Amino acid sequence: MEAGATLEELGLADVPREVPLAYPGAWPRESGLLAGDRMLPLDRLVHPDRTPVLCVGSNACPGQLRHKMDTFGITAPVPMVRCRVTGLGVGVSAHISRMGYVSAAPVHCPSAVRELVVIWLDARQLAVIDASEGATLPDGNFVRVRLPVPDVRIELEDGTVLPEAFAYANRRGVLHDGDGLPREHPGQRALITELLLASAELRRLFGDTPEEFCARARADAHLCVRGTRLFAQEDRMTRSGLEHLFAP
């Protein structure tokens with residue numbers, strides 16, 4: 001990675017919170033240090049003084065991550081490390097976000113092997129991400145869970161296997177593929193198109209196109225709640241397989 005390259009130069013400046021159809025945003029192709037609007041080389045992959053959080057959605061997008069930190073005036077750099085993950089799939093959260101998109105969520109999948117990103121957060125940064133995911137609220141959409149080792153194996157680029165990492169699991173579960181199994185997240189535009197085609201009531205509430213869906217969701221938090229309830233009413237939801245990790 002070129003030292004001091006900007007997010008714009010690297011194609012990593014997407015902010016799905018502002019452009020929902022960009023979700024989950026562009027992920028870095030190699031590990032780096034997010035420092036303001038720049039990605040810098042990392043001098044190490046493991047940061048014992050920070051909390052490792054495995055990202056399956058837009059928290060792996062430097063533009064989105066920078067936007068969240070900027071909102072709270074946090075300027076400290078964030079190490080972002082590419083990794084190979086076994087035992088975890090990327091499903092679809094069973095809720096419609098107030099940001100205008102339908103988020104990704106981790107699902108239990110022993111056979112899955114994915115290339116994902118771990119972000120290493122200090123205490124203030126972790127508090128920001130917890131809040132952005134609703135993990136601090138009793139009825140928030142996500143819960144931060146400690147991933148089970150060795151069921152979920154996270155291997156860094158240098159071969160290091162993490163002994164501990166966290167992820168945000170959806171409190172309500174995930175959407176299924178029609179056979180009761182968690183469906184994979186295909187990207188925002190494809191996902192919303194498929195969801196709208198499958199439900200006349202969802203089209204009535206959110207319109208006929210992904211653009212209409214995102215605009216209406218962003219404009220009306222109550223509509224997002226209605227759409228989320230519709231997933232349950234139309235029996236589109238299933239368990240992520242991570243519910244046993246929720247704290248009592």
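Remember, it's a predicted structure, so these values are computed and weren't measured experimentally.
- A search for side-chain hydrogen bond (donor to acceptor under 3.5 Å, both in side chains) contacts involving His185 returns nothing, not counting sequence neighbours.
- Atom CZ of residue Arg229 and atom CE of residue Met237 lie 12.0 Å apart, to the nearest 0.5 angstrom.
- A donor-acceptor contact shorter than 3.5 Å links the side chain of Asp122 to the backbone of Arg124.
- Two residues are said to be in side-chain contact when any heavy atoms from C-beta on lie closer than 4.5 Å; Arg144 and Glu133 fail this criterion.
- Hydrophobic clustering keeps Leu175 apart from Val107 (ILVMFWY residues linked when any side-chain heavy atoms are closer than 4.5 Å, directly or through intermediates).
- With rounding to the nearest 0.5 angstrom, the CZ atom of Arg203 is 12.0 Å from the OG1 atom of Thr209.
- Residue Arg84 places its CZ atom among 12 or fewer non-hydrogen atoms of other residues, nucleotides or ligands, all under 6.0 Å distant.
- Looking at heavy atoms from C-beta onward, Tyr168 lies out of side-chain contact with Asn141 at the 4.5 angstrom threshold.
- Each of Gln64, Lys68, His67 was compared with Ser132 under the side chain to side chain donor-acceptor pair (under 3.5 Å) criterion, and only Lys68 meets it.
- Taking CG of Leu202 as the reference point, atom CZ of Phe213 lies at 5.5 Å (rounded to 0.5 Å).
- No side-chain heavy atom of Asp220 sits under 4.5 Å from any side-chain heavy atom of Arg226.
- Residues Ile154 and Leu147 have side chains in contact (heavy-atom distance under 4.5 Å, counting atoms from C-beta outward).
- Not one N or O on the side chain of Trp120 forms a donor-acceptor pair closer than 3.5 Å with the backbone of Asp49.
- Other residues sharing a hydrophobic cluster with Val149 under the 4.5 Å side-chain heavy-atom criterion for ILVMFWY residues do not exist; the residue is a singleton.
- In this structure, Arg82 contributes its side chain and Pro28 its backbone to a donor-acceptor pair below 3.5 Å.
- The line from OG of Ser240 to CG of Asn170 is 7.5 Å long, rounded to the nearest 0.5 Å.
- The cluster map of Ile, Leu, Val, Met, Phe, Trp and Tyr, joined by side-chain heavy atoms under 4.5 Å apart, puts Leu54 and Leu126 in the same cluster.
- Using a 4.5 Å cut-off between side-chain heavy atoms of Ile, Leu, Val, Met, Phe, Trp and Tyr, with links allowed through other members, Ile96 and Leu223 fall into the same hydrophobic cluster.
- By the side-chain hydrogen bond (donor to acceptor under 3.5 Å, both in side chains) test, Arg189 is found to be paired with Glu211, residues two or more places apart in sequence or in another chain being considered.
- In this structure, a donor-acceptor pair under 3.5 Å is absent between the side chains of Asp14 and Tyr23.
- A donor-acceptor pair under 3.5 Å is formed between the side chain of Thr238 and the backbone N or O of Gly180.
- Between the side chain of Arg239 and the backbone N or O of Gly241 there is no donor-acceptor pair closer than 3.5 Å.
- Within the 3.5 Å criterion, the main-chain N or O of Val90 finds no donor-acceptor partner in the side chain of Glu184.
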